[in-house]
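Order of the sequence lines sets the chain letters (A, B, ...), proteins ahead of strands, with each chain counted from 1.
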Number of protein chains: 2
Amino acid sequence: MKEGPDISHIAALIGDPARANILTALMDGRALTASELAEEAGVALSTASGHLSKLSDADLLHPRKQGRHKYFQLADAQVAGVLEALMGLAARRGATRVRTGPKDAQMQVARVCYNHLAGQKGVQMYRSMLGRGLLLETGEDVDLTEQGRVFVSDFGIDIKELQGGRARLCRTCLDWSERRNHLAGSLGRALLSRMEHLAWVRRDPSSRAVLITSVGQTAFESAFPVD
Amino acid sequence: MKEGPDISHIAALIGDPARANILTALMDGRALTASELAEEAGVALSTASGHLSKLSDADLLHPRKQGRHKYFQLADAQVAGVLEALMGLAARRGATRVRTGPKDAQMQVARVCYNHLAGQKGVQMYRSMLGRGLLLETGEDVDLTEQGRVFVSDFGIDIKELQGGRARLCRTCLDWSERRNHLAGSLGRALLSRMEHLAWVRRDPSSRAVLITSVGQTAFESAFPVD
DNA sequence: TTCATAGTTCGACCATAGCCGAAGCATTCG
DNA sequence: CGAATGCTTCGGCTATGGTCGAACTATGAA
């Protein structure tokens with residue numbers, strides 16, 4: 001006896017029905033707010049808040065505050081893997097998910113966030129760059145790899161000039177419709193600007209929507225493919 | 001809400017410290033008795049018995065009665081996989097294990113159980129045959145594959161003759177020192193008898209120990225290799 | 001500034017379930 | 001046939017922890 005007690009500790013965290021609902025709701029990698037998770041779990045907000053603290057303390061969740069919201073995400077792929085394995089054992093399906101997002105279809109596809117690209121296309125670009133080794137994700141923040149610098153230069157962007165300013169080159173921003181990261185920072189701004197210049201995209205003057213041209217459609221997909 | 005509650009149910013089972021101790025003690029695939037598991041978990045036998053029922057009801061454990069003992073084993077590799085994944089997350093080590101087995105070293109290596117081979121060598125033979133597709137394991141019981149029939153015939157055993165008798169051709173028997181299965185049944189008996197005839201082994205007349213000859217040592221390893 | 005929304009903390013309540021010892025079966029051994 | 005061992009069931013105790021509403025803090029909007 002006196003063994004490592006931690007497997008039981010973690011399993012006990014997952015073992016509460018409310019917490020299990022929270023975790024399964026986050027299984028697809030999105031980030032949800034405390035209120036949404038409370039509803040998902042079927043408990044009061046105060047109760048959910050307690051659960052979310054425990055899950056975060058145990059490093060199963062990764063919380064971030066954005067404005068007056070607090071978004072929660074699974075801490076990493078390993079956590080998702082454990083949940084996956086448990087689901088395999090449980091062999092049950094039918095978790096209902098919250099479908100959340102903006103009403104306007106076009107805004108959901110692509111829009112401007114401050115001055116960089118957001119929406120499905122923004123997330124796609126981020127994930128593509130990450131998956132192909134152009135970006136390095138380190139906890140909260142993100143950076144360009146050497147390979148990424150080459151790619152960006154080839155794209156027609158002068159990195160040295162960007163780094164001159166006070167703004168951070170790369171930053172992550174949580175996409176509020178996709179609930180995933182996309183790229184912000186001066187590089188994010190430069191990429192959108194460059195795509196406008198190449199006539200890949202056109203900004204709708206009356207909204208934040210970004211329209212993708214037919215030439216841009218093809219070019220974007222080949223520049224930022226996702227598996 | 002109203003989601004599949006089962007991931008929480010299973011996780012809650014693993015989440016109790018006593019049950020987690022029981023499960024980790026079984027992680028290496030051995031089978032242990034209720035009493036041993038009670039000690040391992042650090043609880044009274046009555047308490048452990050309740051835990052073991054719950055784990056068995058949820059199909060995490062596979063119980064078998066043998067004589068007046070009741071042996072418990074992890075239900076399958078998937079269960080072990082989930083525990084493994086949880087341990088990876090918990091990143092803790094140091095579970096102490098019960099070291100159990102007969103005192104006599106030679107008996108532990110190889111001995112006769114009824115009329116078939118038991119001990120390390122018996123388990124090795126069983127696992128080798130299973131791993132190489134000669135044996136088919138189906139729940140409680142076991143059977144020869146077509147490939148296995150060829151192998152056994154080549155070994156000099158007349159299968160048709162064995163099948164004539166009332167006894168079952170293949171049966172599993174739980175090895176009390178290794179706590180794993182080995183092969184019993186008329187085939188198990190025939191294999192031991194054949195190995196005696198080939199002078200691979202010699203039975204100690206004063207005990208149940210089986211002595212392996214030097215020629216047998218080599219031959220056995222090449223006939224029943226394990227990775 | 002004032003109001004509304006999002007989240008946290010606190011206090012009180014209460015049910016679940018883990019725990020043990022004692023008694024009851026079942027199986028083997030002498 | 002007892003006697004001993006291994007396990008299960010039962011009853012009663014206790015504590016852990018999940019739950020909510022209400023009060024409080026922080027951020028953003030009007």
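Distance from the side chain of Ser49(B) is smallest for dT8(D) among the nucleotides dG7(C), dT8(D), dC20(D). The side chain of Ser35(B) approaches dG6(D) more closely than any other nucleotide in the set dG18(D), dG6(D), dA6(C). For Val43(A), the listed nucleotide lying nearest its side chain is dC20(D); candidates were dC20(C), dC20(D), dC7(D). The side chain of Arg68(B) has dT27(C) as its nearest neighbour among dG7(C), dT9(C), dT27(C). Minimum atom distance to the side chain of Lys65(A) is reached by dT27(D), of the listed dT27(D), dT27(C), dG7(C).
Across Asn181(B) and Val123(B), no two heavy atoms sit closer than the pair O-CG2, 3.8 Å. The shortest non-hydrogen separation linking Ala12(B) to Arg19(B) is O-NH2, 3.3 Å. Across Leu37(B) and Ala25(B), no two heavy atoms sit closer than the pair CD2-CB, 4.3 Å. Nearest heavy atoms, Phe220(B) versus Lys121(B): CZ-O, 3.4 Å.
Whole-Å rounding puts the Glu39(A) CD to dC20(D) C1' distance at 17 Å. Asp16(A) places its CG atom 12 Å from the C1' atom of dT16(C), with the value rounded to the nearest Å. Distance CG (Leu45(B)) to C1' (dA23(C)): 14 Å, rounded to an integer number of Å. For Leu52(A) and dG18(D), the CG to P distance is 13 Å, given to the nearest whole Å. In this structure, Leu61(A) places its CG atom 14 Å from P of dG7(C), rounding to the nearest Å. The interatomic distance linking Leu13(B) (CG) with dT16(C) (P) rounds to 16 Å, in whole Å. The separation between Ile22(A) atom CD1 and dT19(D) atom C1' is 13 Å, rounded to whole Å. dG6(D) atom C1' lies 15 Å from atom CG of Leu32(B), rounded to whole Å.
Within 6.0 Å of the CZ atom in Arg194(A), the count of heavy atoms belonging to other residues, nucleotides or ligands exceeds 12.
Considering only side-chain N and O atoms, His69(A) lies nowhere under 4.0 angstrom from the phosphate OP1 or OP2 of dT5(C). Phosphate contact (OP1/OP2 of dT8(D), side-chain N/O of Lys70(B), threshold under 4.0 Å): present.
Annotation: of the two residues near DNA chain D, Arg19(A) and Gln66(A), the 5′-most nearest-nucleotide partner is Arg19(A). Two residues, Ser46(B) and Lys54(B), neighbour DNA chain C, and the one matched to the more 5' nucleotide by heavy-atom proximity is Lys54(B).
Ser53(A) comes within 4.0 angstrom of nothing in the nucleic acid, heavy atoms only.
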